[in-house]
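First up is the structure itself, then whatever we jot down about it.
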Amino acid sequence: MLKEYRSIVEVAGPLMLVQDVEGVTYNELGEIELENGEIRRCKVLEVDGSNAVVQLFESAVGINLSNSKVRFFGRGIELAVSMDMLGRVFDGLGKPIDGGPEIIPDTRLDINGVPMNPAARDYPSEFIQTGISAIDGLNTLVRGQKLPIFSGSGLPHAQLAAQIARQAKVLGTDSNFAVVFGAVGITFEEADFFISDFKKTGAIDRAVLFMNLANDPAVERIATPRMALSAAEYLAFEKDMHVLVIITDITNYAEALREVSAARKEVPGRRGYPGYLYTDLATLYERAGRKKDHDGSITLIPILTMPEDDKTHPIPDLTGYITEGQIILSRELHKKGIMPPIDVLPSLSRLKDKGIGKGKTREDHANTMNQLFAAYASGKEAKELAVILGDAALTDTDKLFAKFADNFEAEYVSQGFETEREIEKTLELGWKLLSILPVGELKRIKQEYIDKYLPKK
């Protein structure tokens with residue numbers, strides 16, 4: 001029988017002070033029973049001697065201090081896991097919201113996870129095909145990698161996330177691939193878009209969805225990514241599946257951290273975010289990876305909207321330190337109607353060299369990737385020069401590079417959200433675009449590959 005306390009002395013917003021508690025610990029779950037028998041969930045945020053500061057998951061409206069009872073469970077937030085999770089939709093705290101039955105668990109996992117021993121980590125080295133040329137061809141995703149997408153408000157990161165979730169596969173191992181999707185603080189319309197897209201395309205059969213809506217409590221928002229990663233750890237390291245985790249939107253998660261931090265009257269850091277934002281984000285991102293002697297892996301794509309499109313804002317800035325690159329969406333390309341609007345020049349996948357080449361994608365991949373980057377950069381320079389000095393100032397070669405840049409954006413980067421391109425198709429498209437340029441300008445490609453793959457005019 002759980003001990004009950006009738007010693008609530010103060011309620012301030014989502015926080016509540018309970019006095020004269022015994023044996024209560026940080027992060028412990030509890031529940032408040034109101035006078036009318038209604039139950040509301042809560043979590044311990046702080047313990048000072050016999051005083052506990054508790055945060056409510058639901059509203060504090062209607063709580064009468066003298067007539068309400070508090071019980072503590074002696075454990076943190078846990079997720080019930082089993083293979084039956086696949087194809088299901090849950091709320092941010094792991095309760096089914098799709099009308100299906102409760103999960104009968106194989107086991108229950110603490111959502112904070114167990115840190116992965118650095119010595120047990122295996123180096124990411126296997127290519128994941130997303131079917132999106134700007135990622136597969138130029139900023140390749142590798143199994144076990146953490147590759148965030150930096151977006152801005154109003155940009156189509158939701159469609160891109162749904163496309164990656166729908167199309168991503170480790171080549172040759174289709175049957176053992178799963179997607180865990182964590183939606184953090186999104187609107188009902190966005191949640192409806194994701195759920196209906198997953199169901200319409202059949203991707204739901206290999207997916208687990210956690211949905212935390214914008215009107216759900218902040219403390220639930222902090223739990224949702226951990227729920228998703230706990231489900232991923234079970235599927236990857238207990239069931240040997242290749243798991244792709246997509247979490248959107250990390251900015252909403254950081255805002256919830258700031259809200260809780262302010263309620264606790266902590267000293268703020270940069271832009272009001274708590275000083276431990278870096279550490280907190282790292283506890284999420286570092287749960288991705290591969291383990292030696294395990295077939296399974298967790299590949300993580302966190303999506304965040306940069307406030308005011310500012311890459312130096314604390315959330316993208318700290319995320320960039322912890323993860324292995326970034327895919328950046330461009331408002332300028334979006335205005336041009338290029339979908340997905342991936343800005344390939346500032347985007348970067350630090351592990352792309354490990355996942356491409358002979359036996360993984362194709363022998364010419366690294367050379368063509370470098371040449372496409374260089375040619376696109378030269379083309380953009382030529383176009384900027386034309387704006388300042390006029391077309392007359394461009395040489396014939398400059399004009400070809402400018403033409404290449406336009407065609408590259410229109411054909412290679414822009415493919416829509418329904419088109420899936422095999423890696424061979426992406427590489428062939430790269431060669432077709434490079435054929436616009438004089439052969440003498442293809443200085444980053446071995447002659448043997450030019451002879452073998454360059455289309456004959």
Task: Pairs where residues 277-286 contributes a residue and the test salt bridge (charged side-chain N to carboxylate O under 4.0 Å, His left out) is met, not counting sequence neighbours - done: Arg121-Glu286, Lys146-Glu286, Arg226-Asp280

- [ ] For Asp317 and Thr312, work out which heavy atoms get closest and say how close.
- [x] CB-O, 3.9 Å

- [ ] Would you list the pairs meeting salt bridge (charged side-chain N to carboxylate O under 4.0 Å, His left out) in which at least one residue belongs to residues 177-197, sequence neighbours left out?
- [x] Arg166-Asp197

Task: Residue of the set Gln159, Gln415, Gln163, His334 for which side-chain contact (heavy atoms from CB on, under 4.5 Å) holds with Met339 - done: His334

Open item on the list: So does Pro346 get a backbone contact from the side chain of Asp343, meaning a donor-acceptor N/O pair under 3.5 Å?
Closed with: no

TODO: Please check if atom NZ in Lys199 has more than 12 non-hydrogen atoms from other residues, nucleotides or ligands closer than 6.0 Å.
DONE: no

Going by atom type alone, with no hydrogens or angles, which donor-acceptor pairs under 3.5 Å involve a side-chain atom of residues 212-221 and a protein atom two or more places apart or on another chain?
residue: Asn212; atom: OD1; partner: Gly185; partner atom: N; Å: 2.8
residue: Asn212; atom: OD1; partner: Arg221; partner atom: NE; Å: 3.0
residue: Asn212; atom: ND2; partner: Glu220; partner atom: OE2; Å: 3.3
residue: Asp216; atom: OD2; partner: Leu213; partner atom: N; Å: 2.8
residue: Glu220; atom: OE2; partner: Gly92; partner atom: N; Å: 3.3
residue: Arg221; atom: NH2; partner: Leu213; partner atom: O; Å: 3.1
residue: Arg221; atom: NH2; partner: Ala214; partner atom: O; Å: 3.0
residue: Arg221; atom: NH2; partner: Asp216; partner atom: O; Å: 2.7

Open item on the list: Taking Asp110 first and then Arg75, would you say they form a salt bridge - that is, a charged N and a carboxylate O separated by under 4.0 Å?
Closed with: no

Open item on the list: Surrounding OH of Tyr276 (heavy atoms of other residues, nucleotides or ligands, distance under 6.0 Å), is the total greater than 12?
Closed with: yes

TODO: Determine, using ring centers only, whether Phe181 and Phe210 are less than 6.0 Å apart.
DONE: no

Task: Tyr273 and His313 aromatic centres sub-6.0 Å - done: yes

Task: Main-chain N/O of Leu235 paired with Glu238 side-chain donor or acceptor, under 3.5 Å - done: no

- [ ] Could you tell me whether Lys95 atom NZ has more than 12 heavy atoms of other residues or ligands within 6.0 Å of it?
- [x] no

Task: Salt bridge flag under 4.0 Å for residues Arg71 and Glu31 - done: yes

Open item on the list: Hydrogens and angles aside, do Gln145 and Thr299 bring a side-chain donor and acceptor to less than 3.5 Å of each other?
Closed with: no

Task: Neighbour count above 12 (heavy atom, 6.0 Å) for Arg444 CZ - done: no

TODO: Might you point out which heavy atoms bring Glu266 and Ser261 nearest each other, and give the distance in Å?
DONE: OE1-OG, 2.7 Å

Task: With Ile250, the side-chain contact (heavy atoms from CB on, under 4.5 Å) member among Val184, Leu281, Thr305, Ile149 - done: Leu281

Task: Salt bridge flag under 4.0 Å for residues Glu255 and Arg258 - done: yes

